[in-house]
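Throughout, a chain's letter reflects where its sequence line sits, starting with A, and its residues are numbered from 1.
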Amino acid sequence: MAEPVLEVHDLHVTFSTENGPVPAVDGIDFAVAPGQTLAIVGESGSGKSVSSSAVMGLLPSNADVTGEVLLDGRQLAGLPNDELRKIRGNDIAMVFQDALSALNPYYSVGWQVAEAYRLHHDVPKKVARRRAVEMLDKVGIPDAARRADSYPHEFSGGMRQRVVIAMALVNDPRVLIADEPTTALDVTVQAQIMRLLDDVQDEFGTALILISHDLGVVAEVADDVLVMYAGRAAERGTVRDLFFRAAHPYSLGLLGAMPRVDVPPKPRLTTIPGTPPGPGSITTGCPFQPRCAYTHLVGERCITERPELTPRPGEGDHEAACHLGRRPEVIL
Amino acid sequence: MSSSVAGTVSPTRQAMRRMRRDRSARVGLVVVALLIVIAAAAPLLVRLAGQDATTYHIDLLDPARGNAPRGAIGGASGTHWFGVEPLTGRDLFSIVVLGLRTSLFIAVVVTLITTVVGTLAGISAAYFGGWYDAVLSRLLDFLFGFPQLVFMIALGIVVPARFPRWLLLILVLSFFGWAGLARLIRNQARSLVAREFVEAARSVGSSGWMVITRELLPNLLGPVLVVATLAIPGYIGAEAALSFLGVGVPPPTPSLGRSISDSIAWVYTGADPWFLLFPGAMLFLAVLGFTLLGDGVRDVFDVRLRRTN
Amino acid sequence: MPDLVWFLIRRLFGALLVMLALSLAVYLIFYAIPADPAHLACGKPCTPDRLEQARHFMQLDQSTLQQYLNFLKGIVAGRTFGDGTAAVHCNAPCFGYSFPLARPVTTLITDRLPITASIALGAAVLWLLFGVSLGVIAALNRGRILDRLAVGVALAGVSTPSFLLGLLAILVFGFWLNMVPVNGYVPLTESPVDWAWHLVTPWIVLAILQAASYIRLTRSQMLEELNLDYITTARAKGAGEARVVLTHGLRGVLVPVITLFGLDLGGLLGGAILTEKVFSMQGLGDLLISAVGQLDVAVVVGVTLFSAFLIILANLVVDIVHGVLDPRVSHG
Ligand SMILES: Nc1ncnc2c1ncn2[C@@H]1O[C@H](COP(=O)(O)OP(=O)(O)OP(=O)(O)O)[C@@H](O)[C@H]1O
Ligand code: SF4
Ligand SMILES: [Mg+2]
């Protein structure tokens with residue numbers, strides 16, 4: 001694997017709130033190399049968005065961040081805001097879930113894309129605008145030169161997401177973080193947007209971090225996958241590791257919950273029973289224990305000892321955080 | 001489910017609990033309670049001080065200084081706690097507490113009237129919709145276009161002098177006052193009417209009156225209460241302004257606004273600033289107390305009152 | 001933009017209708033006056049004959065509706081009272097004729113308007129700048145000392161009646177410190193310096209009080225605005241804090257602020273009446289109050305209608321500004 005452009009080591013994010021500290025992210029590691037795609041999956045509230053905001057340095061002031069965030073080996077966590085500002089949108093850019101609320105309703109889309117360019121390039125407005133139109137054209141906005149003067153509300157959902165992508169890519173970032181970029185869109189448009197992300201990644205060699213609920217999409221575009229549960233990594237490996245050799249009961253549950261077209265539908269989709277624990281509410285043992293269908297195979301240890309990510313013997317970089325040594329058989 | 005905890009505590013209870021935690025609400029509540037006690041007991045207080053608001057005390061005035069009160073602090077003493085009025089020598093404490101009584105009486109009555117009328121108009125417009133709603137909306141537009149203060153002053157020319165002024169003040173302030181609340185409630189109620197629980201209540205055959213009192217009113221209690229509390233200081237100010245301009249309650253009924261107006265000449269010359277300061281401080285305190293309370297109530301009910309048109 | 005033109009025409013037409021309805025209402029109310037203005041004009045001894053003559057001259061012997069129509073006609077074509085050498089002309093646009101003052105109402109209003117406008121507009125500019133900037137500062141320093149200070153000033157401001165603060169200012173700055181003139185008005189054309197010098201106290205008094213509601217509004221709107229997704233987008237693009245707040249945040253705040261400003265401008269005449277009395281300036285408020293005292297119905301109606309006109313005009317301007325500030329407002 002090529003040298004990673006972005007590495008995150010032992011990232012912790014703790015929010016101080018009225019009800020005490022909330023450890024939303026509790027020690028995770030990941031890395032992504034140019035041209036590669038890392039998918040982060042996990043149920044709602046598992047800390048995916050908080051992790052990506054931590055990388056961007058965009059967390060509110062009540063968040064305490066520790067750990068390393070390395071861009072080309074340079075530590076970002078703890079940089080003064082002014083230094084971070086030069087990196088945000090320039091080296092690392094972001095695509096948000098809901099393009100309608102992510103775009104400023106008071107400015108034309110052309111202006112907003114041009115602004116992103118001017119924030120990092122000292123060029124006249126004219127030049128920035130030309131660049132913006134070029135970018136809008138590239139992401140597939142028809143008649144971009146004219147549409148650049150339209151406002152966000154005048155676009156369809158899919159077109160708006162294209163605008164957001166154009167805005168993110170206008171400075172040729174090395175890393176693109178897409179936080180559920182397609183959940184707000186309907187299925188055919190989702191596919192178009194994913195294809196677009198795939199194309200620009202090929203063209204520019206951008207490293208992509210894709211946060212998604214949709215394992216179908218992950219299977220298609222990701223190289224590596226990080227499965228998060230309750231602020232921690234449950235499993236980490238390549239796409240093939242996850243889809244063919246899933247080692248963590250939670251991953252198995254996610255896979256079971258995934259609708260598939262290649263096998264005949266089961267009488268009912270398996271979903272993981274129960275809900276994830278709130279951040280910090282389980283302090284000892286495995287956070288997945290209350291919902292785990294395999295814990296009886298392990299016993300006491302699941303309650304007393306917290307499982308750490310450990311490499312799967314003979315499976316390269318594939319790691320899982322589970323006391324169950326052997327591969328669990330699928331329980332239906 | 002975490003909501004089960006909150007579910008057992010009634011909204012009113014929650015509101016009361018938050019109220020106790022909100023500092024501005026607490027201060028406001030104390031000030032308002034104090035003011036109401038003073039206003040209610042004003043005649044008693046005045047009697048307690050052994051004074052009244054009408055007796056002239058010419059002996060306490062200094063003819064050499066244009067009949068300003070003799071002594072420091074506007075002639076304040078153990079018998080005349082706030083000193084005396086220049087030119088007449090009437091007891092200023094009596095005038096101030098009785099003036100407060102006048103102000104609060106008018107403001108509270110107007111608030112009650114406008115709250116009831118505004119809420120009913122707003123809810124019924126939202127519930128019945130159609131031409132009724134359309135006509136009401138035009139009427140509100142019309143009222144908003146009216147130059148209220150100018151009109152209230154001008155009205156003095158039309159209404160016969162026999163007509164009691166305090167009643168006129170209440171009527172005029174109420175006439176214009178309900179419009180704002182009506183519009184706000186109408187807009188909020190309209191979004192409620194569109195929600196399923198109202199639909200459900202209708203479909204099981206609840207009468208319009210039942211839906212309004214059982215479903216809509218409880219849900220609108222917060223905004224109504226907030227607007228009502230925040231309206232009171234507005235009416236206190238309006239009453240004072242009209243009295244200041246000489247079109248409020250006529251003498252000899254004490255009025256803070258009129259006293260302040262009377263003090264102008266004494267302020268220009270600097271001969272008796274206390275004649276401004278005592279009634280002024282009382283007026284300020286009254287408006288401030290109700291504003292604090294209103295802010296607190298708003299935070300407690302977490303109501304956002306955006307000005308939109 | 002033909003859309004905008006149509007919108008303007010429709011709104012203008014609507015405003016005209018409201019104005020007509022208002023004027024009819026005002027006319028009907030004030031001409032129901034129990035006292036007879038002709039009494040004052042008829043002189044002593046007032047024989048029934050002479051009274052009848054006066055009524056005929058002032059056109060009070062016609063029906064109220066006929067008088068209203070005369071009034072409307074006068075606006076377009078002017079009016080003449082009486083005939084022969086005694087005739088009194090009131091040129092178009094004639095908004096009535098004051099017999100006690102022997103002047104057309106239009107002239108009376110235009111004579112007094114500069115004073116009221118000087119007070120009101122000067123203060124308006126001050127409080128808008130002052131209120132919005134303090135509100136922004138308070139929002140950015142939420143919970144800190146600057147915020148508490150601004151919130152405190154705002155609270156004191158909304159709780160102080162203007163006439164009270166005006167008198168206090170006269171007492172302190174005019175009398176005790178003897179810094180500024182306590183009353184009187186000097187026309188701008190006579191001496192711009194004296195004009196401003198005489199107005200500085202009323203301006204500041206009005207500005208402080210009015211700014212209070214702008215501080216409160218701006219602060220709460222800005223706090224809401226800063227939680228919106230597109231503010232995060234702006235930060236993610238690499239915009240500095242100043243740009244985030246002033247370019248992306250303030251725009252949304254301005255819409256409600258301008259609405260409030262429009263309403264306040266429309267109602268300024270009402271506020272100016274109080275200020276004029278405090279500072280002994282002979283503006284429109286003074287004109288109105290003395291007209292009430294002299295049963296001068298024509299002036300009362302004229303001033304009332306004029307202030308209604310200002311309110312309707314202000315609402316119209318607010319609507320238009322809304323359309324300019326917020327691209328989502330459709331004119332269709
Ligand atoms: N500002 C904050 N203050 C306190 N807690 C927070 C804050 N932001 C997020 N959290 C908590 O952090 C946890 C992780 O949130 P996060 O948004 O990262 O979840 P997510 O995995 O992105 O979920 P989703 O799939 O719903 O987007 C949640 O439990 C949330 O309550
Ligand atoms: S550690 Fe135990 S409880 Fe946790 S996932 Fe593995 S088997 Fe289940
Ligand atoms: Mg998320």
- When rounded to the nearest 0.5 angstrom, what distance separates OH in C:Tyr230 from CG in A:Asp98? 13.0 Å

- Part of A:Leu103 within contact of chain C (heavy atom distance under 4.5 Å): backbone

- Query: For C:Ile9, does the CD1 atom have more than 12 heavy-atom neighbours from other residues, nucleotides or ligands under 6.0 Å away?
  - Reply: yes

- Contacting moiety of A:Tyr106, where chain C heavy atoms sit under 4.5 Å: both

- Item | Largest heavy-atom contact set with chain C, pairs under 4.5 Å, which of A:Ala116, A:Ala102, A:Pro152, A:Gly89 | A:Ala102

- Could you walk me through whether C:Lys237 and A:Gln112 pass the side chain to side chain contact (heavy atoms under 4.5 Å, CB included) test, one step at a time? CA-CA 10 Å; C:Lys237 280 158 104 173; A:Gln112 294 186 58; 4.0 Å; yes

- Item | Greatest number of heavy atom pairs closer than 4.5 Å to chain C - which of A:His120, A:Glu115, A:Lys86, A:Met56 | A:Glu115

- Enclosure of C:Phe130 CZ (heavy-atom neighbours >12, cutoff 6.0 Å): no

- Task: Provide the closest heavy-atom pair for A:Ser101 versus C:Asp229 in the form atom of the first, atom of the second, distance.
- Result: OG-OD2, 2.7 Å

- Flag if over 12 foreign heavy atoms under 6.0 Å of OH, A:Tyr117: yes

- Grab the two heavy atoms, one from A:Trp111 and one from C:Thr247, that are nearest each other, plus how far apart they are. CH2-CG2, 3.7 Å

- When you look at CG of A:Asp122, are more than 12 heavy atoms from neighbouring residues, nucleotides or ligands closer to it than 6.0 Å? no

- Chi angles and distances behind the side chain to side chain contact (heavy atoms under 4.5 Å, CB included) call for C:Thr232, A:Met94: CA-CA 10 Å; C:Thr232 313; A:Met94 222 164 158; over 6 Å; no

- Note on the structure: Of all heavy-atom pairs linking C:Ala236 and A:Leu58, the shortest is CB-CD1, 3.7 Å

- Candidate pair C:Arg243 and A:Arg85, rule side chain to side chain contact (heavy atoms under 4.5 Å, CB included), full reasoning: CA-CA 12 Å; C:Arg243 188 175 180 89; A:Arg85 197 186 72 67; over 6 Å; no

